[in-house]
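Every chain is numbered from 1, with letters handed out A, B, ... down the list of sequences.
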Amino acid sequence: MATTESKTGTVDPGLLDDLVARNLVQDTTDRGALAERLKAGPVTVYYGVDPTAPSLHVGNLIGLLTLKRFQMAGHRPLPLAGGATGMIGDPSGRSSERNLLDDDALAGNLAGIVPLLQQFLDFDGVDNAAKLLDNRAWTVSTSVLEFLRDVGKHVTVNQMVAKESVKARMAGEDGISFTEFSYMLLQANDFAWLFENEGCEMQVGGSDQWGNISLGVDLVRRRTGEKAFALTWPLLLQKDGTKYGKTAGGETIWLTADLLSPYRFYQAWMQVDDDELRKLLLWLTFQPVGDIDGIVADHMAAPHERKGQRLLASELTELVHGLDATNSAIEASSVVFGGSVDEIQQSTFEMLANELPTATLDRSQLDQQNNLGSLLVKGDVVASKSEAARMLKQNGISINGQKVAPDGLLSRSDLRHDRFCLVRKGKKQVYLFHFAD
RNA sequence: GGGUCGGUGCCCGAGUGGCCAAAGGGAGCGGACUGUAAAUCCGCCGGUUACGCCUACGUAGGUUCGAAUCCUACCCGGCCCA
């Protein structure tokens, strides 16, 4: 039962309107009732993530930010790690059967995502403190008979078969296993359990979760006769209609530094299209909706300054990786993209050594006649001496931001901090030379 | 198994004895322009101890002053017949 105490406290009555203005609302259950409920007092709301990978990506970020928006508005967020559901695999949006995760993989994935679930929300010191849950807590101990009685009895197979995710798989050649078919029951059961034990009245998720979430709403109503709420946001799609979440180089935009460095994360957002800026600022930042049009207009007045991208990239990087990492990502970016190399700290060069193709070269080759060609080959900047000669002849090589002449040489005075030197081939390719003794 | 056509540089594709490191196109790269965008234009696009030499036209031999081009065998692919 939802406890009456949870309805005390003040909430920001503008939350739902803000989400709508940000285009973060795809579907909701009974919109009028939801709006009233959200204004009436704190609501406990949950968002679940299955540990199918060792980290989270941009798609999950919207979920976490949404929980944070709810918390900032005075509501109580429950981030849920799907330790149980993750074992089964959600068929939504999948064309083929998932591989079941073994215990080790599951534990490893959980270890990666739990810190992220904790990172964005306040867990202490506030009335509406967040609480981290894992659905194994109430799923593992449930017997098959209990499950069939308490969950299965309330749901018809007709209803389950009608879900898009199931229909698609039943039409396909490989079918769908009973295990994955059951996934939606587990998720519905989660919602019902949280409703009964945590006073959780609302679930949020991506629009691909609508089927599973609404089944949970139905289960709550059938089991308790009470009303639960659901809200989904549109999937984050790029202009070309594919799911968002890859860098320009094709890497997944993970939220942990081990898998995608803060510098690359920052760059991923620096490189978004002008056309996408407004949408991304609305979805992924806490900039007030009223300010965003101004920000975008300001950006479009001088698009080459990339003000919009800078704001998006720095706010998101700071949120995910913290202020220090953001500042070094910004400094590293200024080195790589045209800024001067002279004022750069040693620590930034050291960081760049992890981001750029870096060659460790022998100091003894410095100051020798025509050493540039062979150094470019040794440093893997070019594949052959012929190519080196060609590049130099075509004015394609610059050292520390300065174009070099074909017969130029690399000398000790070109090193920064007595060991680093930045080599650019053309405009896009940047290499770091590190001279050791 | 028989016949037939074919295997060329990152990809497609011309080239049937010297003028072939091999046309043309695509991709890629550099330059100009530019916003860490797109388009456009110009240039480059086997290696090297650079007007020479080496390596390369399925593989291995052979003919010839000279072979991607002719001959032989083999390997692989398409098509037709059994």
Using the 3.5 Å cut-off, write out each protein N or O paired with an N or O of nucleotides 49-54 of chain B and the distance between them.
none

Hey, what are the protein-to-nucleotides 31-33 of chain B N/O distances that come in under 3.5 Å?
unit_1: B/G31; atom_1: OP1; unit_2: A/Lys403; atom_2: NZ; d: 3.0

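As rounded to whole Å, 15 Å separates atom C1' of B/U36 from atom CG of A/Leu312. As rounded to whole Å, 8 Å separates atom C1' of B/C44 from atom NZ of A/Lys393. Atom-to-atom, CG of A/Leu356 to P of B/U36 comes out at 17 Å; the value is rounded to the nearest Å. Going from atom CD of A/Glu305 over to atom P of B/A37 covers 16 Å, rounded to whole Å.
Nucleic acid contact for A/Met391: sugar-phosphate only, since backbone atoms but no base atoms lie under 4.0 Å from a heavy atom of the residue.
The same atom, P, is picked in B/U72 and in B/U64; the two are 16 Å apart, to the nearest Å. When the C1' atom is used for both B/A22 and B/C41, the distance is 28 Å, rounded to whole Å. Look at the P atom in both B/U49 and B/G58: the space between them is 29 Å, to the nearest Å. Spacing of P atoms, B/U48 relative to B/U55, comes out at 15 Å, to the nearest Å. Distance noted for atom P between B/U69 and B/G77: 22 Å (whole Å). Separating the C1' atom of B/A23 from that of B/U16 is a span of 15 Å, rounded to the nearest Å. Going from the P atom of B/G18 to that of B/C5 covers 23 Å, rounded to whole Å. Across B/U4 and B/A56, the matching P atoms stand 31 Å from one another, rounded to whole Å.
A donor atom on one side chain and an acceptor atom on the other are not found under 3.5 Å apart for A/Asn128 and A/His75.
Under the side chain to side chain contact (heavy atoms under 4.5 Å, CB included) criterion, A/Ala302 pairs with A/His304, A/Glu305, sequence neighbours left out.
Ranking B/C44, B/C29, B/G35 by closeness to the A/Arg390 side chain, first place goes to B/C44. Minimum atom distance to the side chain of A/Gln429 is reached by B/G30, of the listed B/U36, B/G30, B/U48.
Aromatic ring orientation, A/Phe433 versus A/Phe435: perpendicular (interplanar angle above 60°, classes split at 30° and 60°). Note on ring orientation: taking the six-membered ring where Trp is involved, the planes of A/His434 and A/Phe420 are parallel (angle under 30°, cut-offs 30° and 60°).
Applying the side chain to side chain donor-acceptor pair (under 3.5 Å) test between A/Ser333 and each of A/Glu355, A/Arg310, A/Gln267 identifies A/Gln267 as the sole match. In summary, of the residues considered (A/Phe70, A/Phe120, A/Trp233), a ring-ring contact (aromatic ring centres under 6.0 Å, His included) with A/Tyr47 occurs for A/Trp233 alone.
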Checklist entry - Are A/Arg31 and A/Thr28 close enough, and set up right, to give a side chain to side chain donor-acceptor pair (under 3.5 Å), and what steps lead you there? => result CA-CA 6 Å; A/Arg31 181 76 59 97; A/Thr28 64; 2.8 Å; yes

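Here A/Asp274 does not pair with A/Arg306 in a salt bridge; the nearest charged N to carboxylate O distance is not below 4.0 Å. Taking a cutoff of 4.0 Å between a charged side-chain nitrogen and a carboxylate oxygen, A/Arg69 and A/Asp12 do not qualify as a salt bridge.
Taking 90° from 0 as the syn/anti boundary, the base of B/C70 is oriented anti. Base orientation at B/A50 is syn, since its O4'-C1' glycosidic dihedral falls within 90° of 0.
Of all nucleotides present, none satisfies the Watson-Crick or G-U wobble test against B/G9 with each distance under 3.5 Å. With a cut-off of 3.5 Å on both pairing distances, B/A27 has no Watson-Crick or G-U wobble partner at all. Figure legend. B/C70 is base-paired to B/G62; pairs are counted as Watson-Crick or G-U wobble with both atom distances under 3.5 Å.
The phosphate of B/U48 has OP1 or OP2 within less than 4.0 Å of a side-chain N or O from A/Ser384.
With a 4.5 Å cut-off on side-chain heavy atoms, A/Lys68 and A/Phe286 count as touching.
For A/Gln309 and B/U36, a side-chain-to-base donor-acceptor distance below 3.5 Å is absent, hydrogens and geometry of angles not being considered.
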